[in-house]
Amino acid sequence: MTDENNVKQAPDAQRHTQASDDHSPQPDQSEEHHAVGAQAQRDEEIEEIQRRSRHQPPGIQKPPELPPAPGRKALTIVAVLLLVLLLAGGFTMLSRVTHERALAKETERETVPTVAVVYPQSEKPDENLVLPGSLLAYEESPIYARTNGYLVAWYKDIGSRVTKGELLAKIDTPEVDQELNQSRAARQQTLAQLELAKISADRWENLRKTDSVSAQEADQQTSGYKQAQANLAAADANVRRLEQLEGFKDVYAPFTGVLTRRNVDPGALINAGAGAAGRELFDLARVDPLRVYTSVPQAYAPFIKVGAKTFVTLQEFPGEKFVATVARTAEAIDPATRTLLTEVDVPNKDGRLLPGSFGEVHFAVGNNVNKVTVPVNAMLFRAQGAQVAVVGPDNKIQLRAINIGRDYGTTLEILGGVAATDHVVINPADSLEDGQQVNVAQAPPNQQQAQPGSQAQPSQDQKPQSQNDDHRSNDRQGNNQQKGSGQ
């Protein structure tokens, strides 16, 4: 039926087309109007065909074929999917790396040690430098015997003041006496042989002039005479040696001083020399003047002048000052302690000062030395010497050697090595190394010190003492024990 309708409609369309052609404008009209009319007619025909085709039964219509999807669209979809997958993988990897980095930083932060720091306190400059020192005898000599024998008697005991050449003891030397007698007798024998050799040499010399003897025989006699002369000289030397040993039977004082020790009694066996078998008889010390050796810190070394006046104080003479003079210095800084060894001589005409006593030397050095104090628990004792750990601006440890001045008990006076603006570590661990990274924590309240620029002064009951003042503290403990026992 559809085909018949199409056939019927075809003549109608032709007739309609012819009618249109009959009524079409003349060729002289514009071509534009003709094209528009033709296009409108075709559109109407197409619309009519479509309208009719919609009223046809659907079972007999062939489904239209869909055009295939263009290839560009599929590629776009695949690319978008791949991009999404890449972004998801990158985000996952980035999250994992960020987490690992955060974990590494946290682990590293936990492994970095945390230290507490304080500021060193600026100390008020003073005009006097007080250093500890031991009073020593100007000259001190142990006296030994120079000959073997037995002690007959001693004439001076400890504490005796003797002058140079004064007799101290007498030694009995029977063996030396007999050796001296024997050497003198041997000398007489040698002298007799010398006289005989001289007579023989003269006689053979006269005979040689008359050719009664040969030259060889005359020379032998002359040589015998010279040998006898040498033997006599050796015998004389042996006699003098023994006579000198006899002179050592009497022990004399080598210089003026005080006997500080006596180690023998009458009848004791005396062996010559100072070796294993030797025995010290006396110990003699010259106590006027006394020497005081002290170590001046490097920062004060330029102010120590030879010949400068100073004074010495002792705890057993409170309030008294003993005038002294700087006798000499080592003229070199000790690299181990960074100090200058200085000798101070103290007159002791009345003998009030005793050798071996502990005292303090006061030097007038001016007030040009910058000093700070740090807690005593900030020090590090290593093979390089006394050090402190300072935290730098980059939170890294700097190990610095320090020059210790005085010891105030809980704090130390530092003459060089640190400044008042440094962050000094308190209670440093032995494992701290130079350049090690650390975290800074606040110091405990009892360890905190004033900010830079403040000045600290030792209290009146906190008298400064040297770091090498162990024997002084021992003396104080001994005095306290004696007082307790007396009570």
Side-chain angles (χ1 to χ4, degrees), residues 139-156 162-257 259 261-284 286:
E139 292 179 350
E140 187 172 6
S141 174
I143 300 176
Y144 291 87
R146 286 292 293 119
T147 185
N148 299 326
Y150 295 91
L151 186 69
V152 176
W154 51 263
Y155 303 102
K156 298 293 181 182
V162 298
T163 58
K164 182 177 180 180
E166 189 171 353
L167 181 63
L168 303 179
K170 190 175 184 62
I171 301 174
D172 185 18
T173 58
E175 292 87 356
V176 177
D177 296 341
Q178 296 301 322
E179 289 179 3
L180 177 59
N181 295 333
Q182 182 180 0
S183 64
R184 287 174 177 172
R187 181 187 181 281
Q188 293 297 327
Q189 293 176 355
T190 303
L191 180 60
Q193 294 174 0
L194 175 63
E195 294 176 353
L196 178 59
K198 183 178 183 307
I199 295 173
S200 299
D202 294 340
R203 182 180 295 117
W204 286 86
E205 185 67 25
N206 294 328
L207 292 174
R208 178 71 185 101
K209 292 178 182 179
T210 59
D211 292 333
S212 300
V213 294
S214 64
Q216 178 66 26
E217 294 175 336
D219 293 340
Q220 288 179 354
Q221 296 299 325
T222 303
S223 176
Y225 173 65
K226 293 180 179 180
Q227 290 179 2
Q229 288 180 326
N231 292 335
L232 179 61
D236 289 339
N238 191 33
V239 170
R240 288 193 298 269
R241 180 182 67 83
L242 293 173
E243 287 176 348
Q244 290 178 355
L245 288 179
E246 282 283 315
F248 291 130
K249 293 167 60 175
D250 297 331
V251 181
Y252 299 98
F255 52 83
T256 301
L259 286 180
R261 185 176 301 174
R262 178 184 60 82
N263 298 321
V264 291
D265 287 310
L269 176 64
I270 304 299
N271 294 314
R279 186 176 183 182
E280 181 181 352
L281 305 182
F282 302 94
D283 197 296
L284 182 63
R286 179 182 172 187

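Every heavy atom of this structure was used, including side-chain atoms; hydrogens, water molecules and symmetry mates were not.
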- Criterion side-chain contact (heavy atoms from CB on, under 4.5 Å) on Lys249 and Arg146, from CA distance to verdict: CA-CA 8 Å; Lys249 293 167 60 175; Arg146 286 292 293 119; over 6 Å; no
- Is any side-chain heavy atom of Ile143 less than 4.5 Å from a side-chain heavy atom of Leu168? yes
- Would you indicate whether the side-chain heavy atoms of Leu180 and Val239 approach each other to under 4.5 Å?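 Result yes, sub-4.5 Å side-chain heavy-atom pair found.
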Are the side chain of [X] and the backbone N or O of [Y] linked by a donor-acceptor pair below 3.5 Å?
{"X": "Thr256", "Y": "Lys164", "answer": "yes"}
{"X": "Asn231", "Y": "Thr190", "answer": "no"}
{"X": "Arg187", "Y": "Ala233", "answer": "no"}
{"X": "Ser223", "Y": "Asp219", "answer": "no"}

- Shortest non-hydrogen contact between Asn238 and Ser183, atoms and distance: ND2-CB, 3.5 Å
Just checking [X]: does its [atom1] atom have more than 12 heavy atoms from other residues, nucleotides or ligands closer to it than 6.0 angstrom?
{"X": "Tyr150", "atom1": "OH", "value": "no"}
{"X": "Gln229", "atom1": "CD", "value": "yes"}
{"X": "Arg241", "atom1": "CZ", "value": "yes"}

- Message: Evaluate Glu175 against Asn148 for side-chain contact (heavy atoms from CB on, under 4.5 Å), listing each step before the verdict.
- Response: CA-CA 8 Å; Glu175 292 87 356; Asn148 299 326; 5.8 Å; no
Nearest 0.5 Å, what's the [atom1]-[atom2] distance between [X] and [Y]?
{"X": "Phe255", "Y": "Arg286", "atom1": "CZ", "atom2": "CZ", "result": "8.5 Å"}
{"X": "Ile171", "Y": "Trp154", "atom1": "CD1", "atom2": "CH2", "result": "15.0 Å"}
{"X": "Gln221", "Y": "Leu207", "atom1": "CD", "atom2": "CG", "result": "10.0 Å"}
{"X": "Gln227", "Y": "Leu232", "atom1": "CD", "atom2": "CG", "result": "14.0 Å"}
{"X": "Leu167", "Y": "Asp250", "atom1": "CG", "atom2": "CG", "result": "5.5 Å"}
{"X": "Arg279", "Y": "Leu151", "atom1": "CZ", "atom2": "CG", "result": "9.0 Å"}

- Apply the test salt bridge (charged side-chain N to carboxylate O under 4.0 Å, His left out) to residues Asp236 and Arg240: give CA-CA distance (whole Å), side-chain angles for both, the deciding distance (0.1 Å), then the verdict. CA-CA 6 Å; Asp236 289 339; Arg240 288 193 298 269; 5.0 Å; no
- Is the shortest distance from a Lys or Arg side-chain nitrogen in Glu140 or Arg261 to a carboxylate oxygen in the other one below 4.0 Å? no
- Task: Evaluate the side-chain contact (heavy atoms from CB on, under 4.5 Å) criterion for residues Arg262 and Leu281: first the C-alpha distance (whole Å), next the side-chain angles of each, then the deciding distance (0.1 Å), finally the verdict.
- Result: CA-CA 6 Å; Arg262 178 184 60 82; Leu281 305 182; over 6 Å; no
